[in-house]
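Throughout, a chain's letter reflects where its sequence line sits, starting with A, and its residues are numbered from 1.
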There are 2 protein chains.
Amino acid sequence: MTAIKKTSTIQENKQYALETCPVTYTMEKIGSYWKPIILYHLSTGDKRYSEVKRMIPAITEKMLIQHLKQLESDGLVIREARPVVPPFVTYKLSNSGIGLLPVIEAMATWAFQEKDGIFKP
Amino acid sequence: MTAIKKTSTIQENKQYALETCPVTYTMEKIGSYWKPIILYHLSTGDKRYSEVKRMIPAITEKMLIQHLKQLESDGLVIREARPVVPPFVTYKLSNSGIGLLPVIEAMATWAFQEKDGIFKP
DNA sequence: CATGATACATACTTTAGGGTAAGTACTTGT
DNA sequence: ACAAGTACTTACCCTAAAGTATGTATCATG
């Protein structure tokens, strides 16, 4: 009979948290630094891979495709590749991705408000 | 004359990105897994430290105070400590934090919609 | 004939974030 | 006298994420 530590075994609770807390659920899908930024840049329309790359100079190529793949497999963006050479690949938001735009827009809105100092006394 | 690598030195661009992209700006403040979840639980009113802890069983104490401290120093939450013993400390949203609620609520809304499958064909 | 553009893939290394565990100070309860 | 509750703090470790660098296929262009 080993003693049960209070702070241990966080993983069991995580599944519970996922089913319980809607924000946790969303965080599992877009809760990384780059994903909302990518979605933001896709919100203005379909973009080629290289276009997205140019719009986010701070991201490395590895991070960019890695997150694009994850977003794709989570059903948030749709990848379309034309079988031509040189390759022509576009990414666009899926319906789920479009559904996330209120989140992204709220983020942008807050940033402008915060910079304007409207929350200051 | 050392050759300049295309993918290198991301940090210079990051400052530029911060000033340019509003979503990047917001991500610097709440772009971690736990922060939106904490803000979500504070959105229903002031909470004692131990209350927040109980509301988010999946988080460790270390992560919880670490993020609370960061949120405090970023001006998103306000910490109030009564000089009593045992300690009585409450956390609440600042004006900036309240300004973020549309973001958090949009996240929650999306989660429910996604689970209901309303984005499916 | 070698360079550039396209959209990636991959090996390797580093770093930072997160987890585990234990400790602190003070009081109330049993 | 000892445990329990409060709100933390600190040290240590470990893994997953991110950065670095290079490679791939194909064609157009100079």
> Between the two end axes of the helix from dC1(C)-dG30(D) to dT30(C)-dA1(D), each built from 5 base pairs, what angle do you get to the nearest 10°?
Replying inline: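 Inter-axis angle at the ends, rounded: 20°.
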
> Quick one: salt bridge (Lys or Arg N to Asp or Glu O under 4.0 Å) pairs with a partner in residues 30-43 of chain B, sequence neighbours left out?
Replying inline: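 Every candidate salt bridge (Lys or Arg N to Asp or Glu O under 4.0 Å) pair involving residues 30-43 of chain B fails, so no pair, neighbours aside, qualifies.
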
> Which pairs with one or both residues in residues 62-74 of chain B pass salt bridge (Lys or Arg N to Asp or Glu O under 4.0 Å), sequence neighbours excluded?
Replying inline: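 As it turns out, there is no salt bridge (Lys or Arg N to Asp or Glu O under 4.0 Å) pair with a partner in residues 62-74 of chain B once direct neighbours are skipped.
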
> Remaining members of F88(A)'s ILVMFWY cluster at a side-chain heavy-atom cut-off under 4.5 Å?
Replying inline: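 In the cluster with F88(A) are V84(A).
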
> Hydrophobic cluster mates of V85(B), side-chain heavy atoms under 4.5 angstrom, ILVMFWY only, any path?
Replying inline: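 In the cluster with V85(B) there is nothing else; it is isolated.
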
>> Without decimals, in angstroms, what is the distance between Q66(A) CD and dA18(D) C1'?
In response: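 My rounded result for the distance is 8 Å.
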
> OH of Y33(A) versus P of dG17(C): gap in Å, rounded?
Replying inline: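 Going from OH in Y33(A) over to P in dG17(C) covers 12 Å.
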
Atom pairs and distances, donor-acceptor, side-chain atoms in residues 43-54 of chain B, under 3.5 Å, two or more places apart:
{"from": "S43(B)", "atom 1": "OG", "to": "Y40(B)", "atom 2": "O", "distance (Å)": "2.5"}
{"from": "T44(B)", "atom 1": "OG1", "to": "H41(B)", "atom 2": "O", "distance (Å)": "3.2"}
{"from": "T44(B)", "atom 1": "OG1", "to": "K47(B)", "atom 2": "NZ", "distance (Å)": "3.1"}
{"from": "K47(B)", "atom 1": "NZ", "to": "G45(B)", "atom 2": "O", "distance (Å)": "3.2"}
{"from": "R48(B)", "atom 1": "NH2", "to": "P87(B)", "atom 2": "O", "distance (Å)": "3.1"}
{"from": "Y49(B)", "atom 1": "OH", "to": "E61(B)", "atom 2": "OE1", "distance (Å)": "3.3"}
{"from": "E51(B)", "atom 1": "OE1", "to": "R48(B)", "atom 2": "N", "distance (Å)": "2.7"}

> Rounded to the nearest 0.5 Å, what separation is found between the CD1 atom of I37(A) and the CD1 atom of I59(A)?
Replying inline: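 These two atoms lie 7.5 Å from each other.
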
> Quick one: what's the B/S/- string for nucleotides 7-14 of chain D, heavy-atom cutoff under 4.0 Å, read 5' to 3'?
Replying inline: SBB-B---

>> Quick check: on DNA chain D, is the nucleotide nearest V85(A) upstream (toward 5') of the one nearest M63(A), or the reverse? Name the residue that is more 5'.
In response: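 That would be M63(A).
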
> Would one find a side-chain N or O of H67(B) under 4.0 angstrom from OP1 or OP2 of dG18(C)?
Replying inline: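 Checking dG18(C) against H67(B), a side-chain N or O does come within under 4.0 Å of OP1 or OP2.
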
Table please: side-chain donor-acceptor pairs of residues 92-103 of chain A below 3.5 Å, with sequence neighbours left out.
{"from": "S94(A)", "atom 1": "OG", "to": "G75(A)", "atom 2": "O", "distance (Å)": "2.5"}
{"from": "S94(A)", "atom 1": "OG", "to": "L76(A)", "atom 2": "O", "distance (Å)": "3.1"}
{"from": "S94(A)", "atom 1": "OG", "to": "S96(A)", "atom 2": "N", "distance (Å)": "3.3"}
{"from": "S94(A)", "atom 1": "OG", "to": "G97(A)", "atom 2": "N", "distance (Å)": "3.2"}
{"from": "S96(A)", "atom 1": "OG", "to": "E114(B)", "atom 2": "OE1", "distance (Å)": "2.8"}

>> So, using salt bridge (Lys or Arg N to Asp or Glu O under 4.0 Å) as the criterion, who are the partners of E105(B) when residues are at least two apart?
In response: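 E105(B): no salt bridge (Lys or Arg N to Asp or Glu O under 4.0 Å) contacts found.
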
